[in-house]
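All chains are named by letter (A, B, ...) in the order of the sequence lines, taking the proteins before the strands, and each is independently numbered beginning at 1.
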Number of protein chains: 2
Amino acid sequence: MARVTMADVAKEAGVSKSTVSQFINKRYEYMGEDTKKKIDEAIKFLGYQPNYLARSLKQKRTSMIGIIVGNIMHRLSTEVSRSIEDYCHKHDIHAILCNADDNPEKERKYIEVLHAKQVDGLIIFPTGQNLDLYQKLIDEDYPVVFMDRKIEGLKANYVVAANCDATVESIKHLISRGHTKIAIATQPLMISPRIDRLKGYKQALSEAGIPLIKEYMIHAEREQINHELEKLFALKEPPTALFAGNDLVFIEILEFFKDKQMKIGKDAALIVFDNIPLAHLAETQVTTIAQPGYEMGQKAAEILLKQINKEQNDVHEHVFPCELIIRESS
Amino acid sequence: MARVTMADVAKEAGVSKSTVSQFINKRYEYMGEDTKKKIDEAIKFLGYQPNYLARSLKQKRTSMIGIIVGNIMHRLSTEVSRSIEDYCHKHDIHAILCNADDNPEKERKYIEVLHAKQVDGLIIFPTGQNLDLYQKLIDEDYPVVFMDRKIEGLKANYVVAANCDATVESIKHLISRGHTKIAIATQPLMISPRIDRLKGYKQALSEAGIPLIKEYMIHAEREQINHELEKLFALKEPPTALFAGNDLVFIEILEFFKDKQMKIGKDAALIVFDNIPLAHLAETQVTTIAQPGYEMGQKAAEILLKQINKEQNDVHEHVFPCELIIRESS
DNA sequence: TTGTAAGCGTTATCAG
DNA sequence: CTGATAACGCTTACAA
C-alpha cells in the first residue's frame with residue numbers, strides 16, 4: 001500500500017507536480033478548467049492525501065502548538081486546555097497536550113521535543129524549575145506564553161489569575177461571618193499561585209488586625225496534608241474556618257472530614273480556591289473561588305497566535321479576576 | 001534568529017553533514033575521539049537542535065501516535081489517555097490527544113489531519129459514524145486500535161470493557177438486595193457500550209423472571225435526562241433502584257436528586273457504571289462498576305506499537321472484565 | 001573513519 | 001496558465 005504522492009497524481013493527471021501543488025493549495029486563479037478536473041479525478045482515483053510533514057518542512061510552520069500543563073489533574077488545566085483547543089480549532093491550527101506531571105524533567109523533555117518537532121509555539125504551565133530553558137526559548141524569540149504561574153525574573157507573556165486579590169476577598173468574607181480562627185492549606189510553596197494565595201491570606205488577616213498563627217498555615221505535599229490536618233484540628237484552639245489552596249487540597253480535606261466524621265460547614269467553614277465541578281451537588285454546597293479558565297485559555301491562545309504571526313512582540317502580564325461563589329459551606 | 005541546521009554544525013566543526021548525523025544518532029562506533037569532541041563543541045556552541053520534522057520525512061515515521069477520544073469529559077477517556085501516554089513515554093514515542101466531542105465531523109477531521117501529519121498510528125474511541133473512514137484506514141493497513149466501542153461490521157483491533165457481563169452482575173446484586181423495580185438510564189443507544197449495558201440489564205431481569213417495563217428504560221440526551229427522571233419518579237410505581245449508564249448520567253441523577261431533595265440510597269438505590277473519582281467521599285458512598293482504564297490503555301498502546309513495528313498483523317477483540325464495587329448506595 | 005550525493009514529499013521561484 | 005528546478009534539513013548507501 002505504498003502511499004501515493006503528489007508525483008503520482010501528476011503523472012496520472014498528465015501534468016506537473018507544481019500544478020498539482022497549486023491545485024491542492026487552491027491557487028486556481030490561472031488554472032484551466034480541464035486541468036482542474038483532471039487533477040481532481042486523479043486525486044480521487046488514487047486516494048491521494050497530501051503529506052503535511054513535507055509541507056511543514058518546506059513552509060517552516062507546522063500549524064501546531066503545544067500545551068504543557070504542570071499537572072493534568074488540576075481542574076484548571078483541563079478547562080484551559082479545552083479553551084485553547086477551541087480557539088486554535090477556529091484558526092485551523094492544532095493544539096497538542098502534554099502533561100509534565102509536576103516533574104521538571106518531564107517538562108524539559110516535552111519542551112525540547114515539541115520544539116524539535118517544530119511546533120509553532122508553546123503554552124506552558126511551568127513547573128518553575130527550568131529557568132534556563134524558559135529563558136532560552138525567549139532569547140530565541142520562540143513564541144511562548146506562560147500560564148497560571150509566574151516565574152521570578154523571567155520577562156515573558158503571562159496569563160494568570162488574580163490569586164492574591166481573590167484570596168483577600170474570600171478571607172474577608174470569612175471574617176465578616178465572624179471567623180477569626182482561619183487556617184489555610186496549600187501544597188508546597190513552589191509556584192506563584194500558592195505564594196500569592198498565602199500572601200492574600202496574610203494580608204486579609206493583618207488588615208483585620210487578626211494575628212497570624214503559624215500552626216494555621218499548612219503547606220504540604222498532597223500525601224502529607226492529611227497528617228497536617230490531624231495536627232491542625234488537635235490544636236487547643238482549632239480553626240473554625242479553612243481555606244483550601246486548590247482542588248486537590250480540597251479532596252484531601254474531604255477525605256479527612258469523612259474519615260473523622262466531621263461535617264463541612266458545621267465543624268469548620270470551608271472555601272476552596274478553584275472551581276469544583278460538583279460543588280453545588282455536595283451535601284453541603286461548597287463555597288469556591290472560580291477562575292475564569294475559559295477566558296484565560298482564549299487569551300493565551302490569542303497572544304500566542306499573534307506572536308506566531310509576528311503581529312505582536314511586546315510582552316505582558318494578563319491578570320484575570322476571579323469570582324467568589326458563596327454557597328453553604330461558609 | 002535563523003535556526004541552526006546540521007550543515008552549520010558541520011561547517012563549525014569542520015566535518016561533513018553525515019558525520020554530524022552519525023553523531024546525533026549515536027552511531028559513534030567508528031568515530032574518532034577528536035571528531036566527536038569537535039562536533040560536540042560545535043553543537044553546544046551553536047545551540048543546535050535537530051529538526052525532527054526533516055528526520056521524520058526521511059525516515060517515514062514520526063514517533064507520534066494519535067488518540068482520538070469521543071468525549072474527554074468521560075472519566076474513562078482521561079484514565080485511558082494517561083495510561084497510553086505512560087506506555088508511549090516508556091517507548092519513546094509521543095501521544096497526542098484530540099477530543100472529537102461526540103461530533104463525527106470533528107472526528108473525521110482529526111483522523112484525516114493526524115493521518116496527513118503522518119502520525120504512526122491511531123487509537124480511536126469511535127463515534128461510530130464514520131464507517132467509511134475507519135474502513136479505509138484498515139484497508140490501508142494503517143495501524144489503528146478502537147477503544148471502548150465496537151463497530152458493527154468492522155473487523156479491527158478492539159479494546160473494550162465487558163459491559164454486558166458487568167451490568168448483569170450489578171443488576172443481580174440489586175435483585176439479591178430485594179429490588180425488583182429497577183430502572184436504567186443511559187444516553188442514546190448510539191454506541192456499543194450503551195447497547196451492551198442495556199442488554200445486560202434486560203438479561204439479568206429476565207433471568208430473574210422480572211418483566212421488563214418500558215417506562216423503566218430511559219435513553220436520552222444528557223439535557224433530557226432530568227425530564228425523563230421526572231417522569232420516571234412520577235410513575236404510579238416508581239423504581240426502587242436505579243442504574244446509571246455512565247458518569248455523565250450519574251451527574252444528571254445527582255442534580256435531579258438534589259433538586260427534589262431526594263437522598264441516594266434512601267429514596268432509591270443506585271449503581272453507576274464508571275468509576276467516579278469521589279464515589280467514596282459522597283454523603284452516601286456510591287456503588288460503582290469500575291472499568292480497568294489503566295490496563296485497557298496499556299493494552300491498546302501495546303497492540304498499536306506492535307502493529308507499527310509490524311510485529312503483529314492479526315486483529316483481536318480484547319475484552320476487559322470490570323469490578324463491581326459495592327458501597328452504601330445499593 | 002569520514003565524505004559525497006541522492007533522496008524523503010512538498011512548495012516557491014521563475015521561465016516559457 | 002503550466003512546468004523545471006531548486007530548496008527545506010535530515011538520513012543513508014556507497015565511495016574514498
_I'd like to check the side chain to side chain contact (heavy atoms under 4.5 Å, CB included) partners of B:E105; sequence neighbours left out, ordered by chain and number._
B:N103
*Work out how much the helix from C:dT1-D:dA16 to C:dG16-D:dC1 bends between its end axes, five pairs an end, to the nearest 10 degrees.*
40°
*Scan residues 39-52 of chain A for pairs that pass side chain to side chain donor-acceptor pair (under 3.5 Å), counting only residues two or more places apart or in two chains.*
A:D40-A:K44, A:Q49-B:H115, A:Q49-B:K136
*Would you please name every residue forming a ring-ring contact (aromatic ring centres under 6.0 Å, His included) with A:H94, sequence neighbours left out?*
B:Y110
*D:dT2 P sits how many Å from A:E33 CD, rounded?*
10 Å
*Atom CG of A:D8 to atom C1' of C:dC8: distance rounded to whole Å?*
13 Å
_If you define the side chain from C-beta out and look only at heavy atoms, does anything of A:Y134 sit under 4.5 Å from A:N130?_
yes
_Could you check whether B:D141 pairs with B:K310 (Lys NZ or Arg NE/NH1/NH2 to Asp/Glu carboxylate O, under 4.0 Å)?_
no
*Are a donor atom and an acceptor atom from the side chains of B:S81 and B:T78 found within less than 3.5 Å of each other?*
no
*Which residues pass the salt bridge (charged side-chain N to carboxylate O under 4.0 Å, His left out) test with B:K36, sequence neighbours left out?*
B:E33
*Using a strict 4.0 Å threshold on nitrogen-to-oxygen distance, state whether A:E295 and A:K299 make a salt bridge.*
no
*What integer distance in Å separates A:L46:CG from C:dG9:P?*
14 Å
*Calculate the interatomic distance between B:K36 atom NZ and C:dT2 atom C1'; express it in whole Å.*
14 Å
*Once each nucleotide of nucleotides 3-12 of chain D is scored for protein heavy atoms under 4.0 Å, what B/S/- sequence comes out, 5' to 3'?*
BB--BBBBBB
